[in-house]
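Everything below concerns the one structure shown next.
All values reported here derive from a predicted model rather than from experimental measurement. Start at 1 with the first residue, then count along the sequence.
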Amino acid sequence: LTNVGTITPIALSYTAGTGITSVTYNASAVEGTETQAITLTDAASTGLTTADDIENFTITSSGTSALYLDADSATSVTVNASGTTTIDLNAATTASIATVDGSASTGKVTYVVDFTDVETTVTGGTGNDTIDVSDGLPNLNDVLDGGDGTDKLFIATAAANGGGVV
């Protein structure tokens, strides 16, 4: 979708592909600080989802879902997941995300985050979450809080299996 005049919620349901969902807003729609709502319902494979010039994202997810977000102006992402969900924020253009808040999530959420560009805080919910830092390890001022549940930190290693869980 191109030249969209108002911020429009995105709903991805029962997907099983690797296509691209792209929303480009006209300049007047993205003046100031904007929030993009994305709802996932059993969206196991959404492919790449892009929404540029949006600062805040609110992702609501149920069932087994996955989102690979490419958002050039994003600074915060709020996740409310009740199922098994993967939120991949590792695209090169999402380097300015400073806050990932999944504290309201009750499901099992995997957060894929690159910590190399800005100080980032990731907060999980009550489910058994995983924070994947394979592509950019946390720095001194980054904060990782898995929330309640039995959480995991995934770190890539040079081991034969290609990764490690701490």
Side-chain angles (χ1 to χ4, degrees), residues 1 4 6-23 25 33-52 54-91 93-115 118 120-136 138 142-156 163-166:
L1 304 170
V4 178
T6 59
I7 305 300
T8 305
I10 299 171
L12 302 170
S13 301
Y14 308 103
T15 60
T18 57
I20 297 174
T21 301
S22 179
V23 179
Y25 294 103
T33 301
E34 303 297 336
T35 299
Q36 174 71 65
I38 301 175
T39 301
L40 308 171
T41 305
D42 285 317
S45 180
T46 60
L48 181 65
T49 301
T50 66
D52 292 336
I54 304 290
E55 294 80 16
N56 304 305
F57 286 81
T58 300
I59 302 165
T60 303
S61 174
S62 62
T64 300
S65 298
L67 179 70
Y68 179 38
L69 183 63
D70 184 0
D72 67 352
S73 297
T75 58
S76 76
V77 175
T78 301
V79 179
N80 185 352
S82 61
T84 300
T85 303
T86 298
I87 304 297
D88 190 333
L89 305 172
N90 198 31
T93 59
T94 58
S96 59
I97 295 175
T99 304
V100 180
D101 181 3
S103 61
S105 294
T106 58
K108 177 182 177 184
V109 182
T110 299
Y111 303 92
V112 181
V113 182
D114 183 345
F115 287 91
V118 296
T120 304
T121 298
V122 177
T123 305
T126 60
N128 298 336
D129 300 322
T130 300
I131 301 174
D132 181 338
V133 298
S134 300
D135 292 325
D142 293 321
V143 177
L144 287 79
D145 178 353
D148 293 337
T150 304
D151 303 311
K152 297 178 184 175
L153 178 63
F154 182 83
I155 302 170
V165 176
V166 177

> Can you name the side chain to side chain donor-acceptor pair (under 3.5 Å) partners of Tyr68, sequence neighbours left out?
Replying inline: none
So do the side chains of [X] and [Y] get within less than 4.5 Å of each other, counting heavy atoms only?
X: Ile97; Y: Val113; value: no
X: Leu153; Y: Val133; value: yes
X: Val77; Y: Tyr111; value: no
X: Thr46; Y: Thr21; value: no

[X] side chain to [Y] main-chain N or O, any donor-acceptor pair under 3.5 Å?
X: Ser62; Y: Thr41; answer: no
X: Asn80; Y: Thr60; answer: no
X: Asp142; Y: Thr120; answer: yes
X: Asp135; Y: Asp114; answer: no
X: Thr86; Y: Ala66; answer: no
X: Ser96; Y: Ala74; answer: yes
X: Glu55; Y: Glu34; answer: yes
X: Ser105; Y: Val79; answer: yes
X: Asn128; Y: Thr150; answer: yes
X: Tyr25; Y: Thr8; answer: yes

How many angstroms lie between [atom1] in [X] and [atom2] in [Y], if you round to the nearest 0.5 Å?
X: Ile87; Y: Ile131; atom1: CD1; atom2: CD1; result: 13.0 Å
X: Leu144; Y: Asp129; atom1: CG; atom2: CG; result: 11.5 Å
X: Thr126; Y: Asp148; atom1: OG1; atom2: CG; result: 6.5 Å
X: Asp151; Y: Thr110; atom1: CG; atom2: OG1; result: 10.5 Å
X: Thr64; Y: Asp42; atom1: OG1; atom2: CG; result: 6.0 Å
X: Thr58; Y: Ile38; atom1: OG1; atom2: CD1; result: 9.0 Å

> Applying the side-chain contact (heavy atoms from CB on, under 4.5 Å) test to Leu40, which of Ile10, Leu67, Thr15 qualifies?
Replying inline: Leu67
>> My understanding is that only one of Thr39, Val109, Thr85 makes a side-chain contact (heavy atoms from CB on, under 4.5 Å) with Ser61; could you say which?
In response: Thr85
>> Can a side-chain donor-acceptor contact be found between Ser134 and Asp132 if the only test is distance below 3.5 angstrom?
In response: yes
>> Assess, by modelled atom type and distance only, whether the side chains of Thr123 and Asp145 contain a donor and an acceptor separated by less than 3.5 Å.
In response: no
> Sequence neighbours excluded, which residues qualify as side-chain contact (heavy atoms from CB on, under 4.5 Å) partners of Asp72?
Replying inline: Asp52, Asp53, Thr93
> Taking only residues two or more places apart in sequence or in another chain, which ones pass side-chain contact (heavy atoms from CB on, under 4.5 Å) with Ile20?
Replying inline: Ser22, Leu48
> Do you know which two heavy atoms are closest between Ala51 and Phe57, and how far apart they sit?
Replying inline: O-CZ, 3.5 Å
> Can you name the nearest heavy-atom pair linking Pro9 to Gln36, along with the distance?
Replying inline: CA-NE2, 3.8 Å
> Between Thr121, Asp101, Thr99, Asn56, which is the residue that forms a side chain to side chain donor-acceptor pair (under 3.5 Å) with Ser76?
Replying inline: Asn56
